[in-house]
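Structure, as structure tokens:
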2 protein chains.
Amino acid sequence: MEDTRDQIRAAALELFVRQGYEVTSLREIADRVGITKASLYYHYPSKQALLTSIVDPLVKGWERLGAEVVALPQTPEHKRFALDAYLDMMLGHRAIVTLLMRDAGAVLAVFAPTVDNVTATVRQVQRWLAGPEPSGPDRIRAQVALDTIGVAMSSGSLLPEVTEDDLRTTLLDAACAVLRLPPPAGGAIGAPVPTVPSAPPVAPGVGGRR
Amino acid sequence: MEDTRDQIRAAALELFVRQGYEVTSLREIADRVGITKASLYYHYPSKQALLTSIVDPLVKGWERLGAEVVALPQTPEHKRFALDAYLDMMLGHRAIVTLLMRDAGAVLAVFAPTVDNVTATVRQVQRWLAGPEPSGPDRIRAQVALDTIGVAMSSGSLLPEVTEDDLRTTLLDAACAVLRLPPPAGGAIGAPVPTVPSAPPVAPGVGGRR
DNA sequence: GTCTATACGAGGATAGAC
DNA sequence: GTCTATCCTCGTATAGAC
């Protein structure tokens, strides 16, 4: 029964998101699961390892998506598609993203070894979005487009009463506007988007609580 | 001689930004200033008080700007102006904003009492930007426009070799694009922007270190 | 204003019994 | 797998001398 491990992860994620990583003690997490601190160490060798196992799916998803995306041709259609896929993945990991926003520092510290890879991936995607031989502003726009999607999601508290559907389409449009992509051509353009799967299965995250 | 107090604040800000608030110990800060932990307590009654005094200027600036902005008519020109002023203020407090991004959680925790006021201000500005009787998407766009400016600034590490000027104009344009504001009418429109001072004097922040 | 010394508590982590 | 007990380190904060 792997159940306890999962319970721990879920409890930790919830507490981390609500209170922050540093502030949350292992005792709190253990209490919530109904075990003791020591038992927790049976399942995870350290607090950092716990955090890693929580954030890992998002990192993996991002790296995978990044690799797929940069292989595509840099057409407006594909860019729009890439942003959509990115948005989709982020929404799938909503709780984790919130944590990342809250405690960017702590999370990055834990991923210090891996972080260069991630940064590299982000850079690649940014360059891909910016187009060939991008100017400074081109690169800024590319980065803002990416950030748009990430940040606005964590602003749930500032945007209640907004449907997920509105959020999804509006964010995509906003990112496209920033990139100055032409609006999607009304008709069918053959198949503008090829093989890339729309998004990984993606765990539901611990979403809730909003 | 208020010098020590300022030295402490500067050292603390730098360390907080680089390592994070929770992780940075008072001993480190004291060491850097060349005094002891105990002396530090003579100047600031607690670590939280220190953080407060660091972040306070930004909060104040934001509240002040918010109050001024929501009193303006909701024309495209004024919205553009408001975003510009907002951008200006954020750039003026660059280091603090970076800290806020890094440790949003910790900072918010410290400002828990005040935080409702701030949230309220943000909400007001968001509504002002969204226009009268805004739809869901209108409100999302307003929020994204605000976030655009804030976030992209912290992405300095992902956008080296970009001039501050490019950053400034591109971010403003991006925010306007998100809001679907028409491009600024080429000619002079009388005085589209009235009394509002372009931005508070604004401390230079401890910028550096990038 | 700044120091030395110290109280106090909390948190991460380990050892070893059940 | 889970517990009790314990270690060690570190951070906040205070007392009191210089």
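Protein chains get the first letters and strands the later ones, always in sequence-line order, with residue 1 at the start of each. Not measured: the values here are computed from a predicted model. Computed over heavy atoms, backbone and side chain alike; hydrogens, waters and symmetry mates excluded.
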Identify whether the distance between the nearest side-chain nitrogen and carboxylate oxygen of A:D84 and A:R80 falls below 4.0 Å.
-> no

For A:P137, what residues pass the side-chain contact (heavy atoms from CB on, under 4.5 Å) criterion, not counting sequence neighbours?
-> A:S135, A:R141, B:D166, B:T170

Identify each atom pair where a protein N or O and an N or O of nucleotides 15-18 of chain C are less than 3.5 Å apart, giving names and distance.
none

Nearest-Å distance for atom pair NZ/P, residues B:K37 and D:dA15 = 15 Å

Donor-acceptor contacts under 3.5 Å from residues 35-44 of chain A side chains, at least two apart:
unit_1 : atom_1 : unit_2 : atom_2 : d
A:T36  : OG1    : A:S39  : OG     : 3.2
A:Y44  : OH     : A:R5   : O      : 3.3

Sugar-phosphate, base or nothing in reach of A:T36, heavy atoms under 4.0 Å | base

Sequence neighbours excluded, the answer for side-chain contact (heavy atoms from CB on, under 4.5 Å) partners of A:R102 is none

For DNA chain D, find the residues of residues 40-55 of chain A with a heavy-atom distance under 4.0 Å and give them by number; none if there aren't any.
-> A:Y42, A:H43

Residues at least two apart in sequence or cross-chain that pass salt bridge (charged side-chain N to carboxylate O under 4.0 Å, His left out) with A:R123, listed by chain then number, are none

Residues which pass side chain to side chain donor-acceptor pair (under 3.5 Å) with A:T24, listed by chain and number, not counting sequence neighbours = A:Q19

Mind checking what makes salt bridge (charged side-chain N to carboxylate O under 4.0 Å, His left out) contact with B:E133, not counting sequence neighbours?
-> none

Taking only N and O in the side chain of B:T4, is any of them less than 4.0 Å away from OP1 or OP2 of C:dG1?
-> no

Distance, rounded to the nearest Å, where A:L26 contributes CG and C:dA10 contributes P | 15 Å

C:dA10 phosphate, OP1 or OP2, under 4.0 Å from A:S25 side-chain N/O = no

Those residues that, when tested against A:T169, pass side-chain contact (heavy atoms from CB on, under 4.5 Å) (two or more places apart) | none

Rounded (10°) bend between the five-pair end axes of the helix from C:dG1-D:dC18 to C:dC18-D:dG1 | 0°

Taking only residues two or more places apart in sequence, or in another chain, which ones meet B:A82 in a side-chain contact (heavy atoms from CB on, under 4.5 Å)?
-> B:V69, B:W128

Salt bridge (charged side-chain N to carboxylate O under 4.0 Å, His left out) involving B:R127 - partner list, sequence neighbours excluded | none

Atom CG of A:D31 to atom C1' of D:dT4: distance rounded to whole Å?
-> 15 Å

Taking CD from B:E22 and C1' from C:dA10, how many angstroms apart are they, rounded to a whole number?
-> 14 Å

Mind checking whether B:Y21 and B:F16 have parallel, tilted or perpendicular rings, split at 30° and 60°?
-> perpendicular

Value in whole Å for how far the P atom of D:dT2 lies from CZ of A:R5 = 12 Å

Report the distance from atom CD of A:Q7 to atom C1' of D:dT2, rounded to the nearest whole Å.
-> 14 Å

How many Å lie between CD1 on B:I29 and P on D:dC10, as a whole number?
-> 17 Å

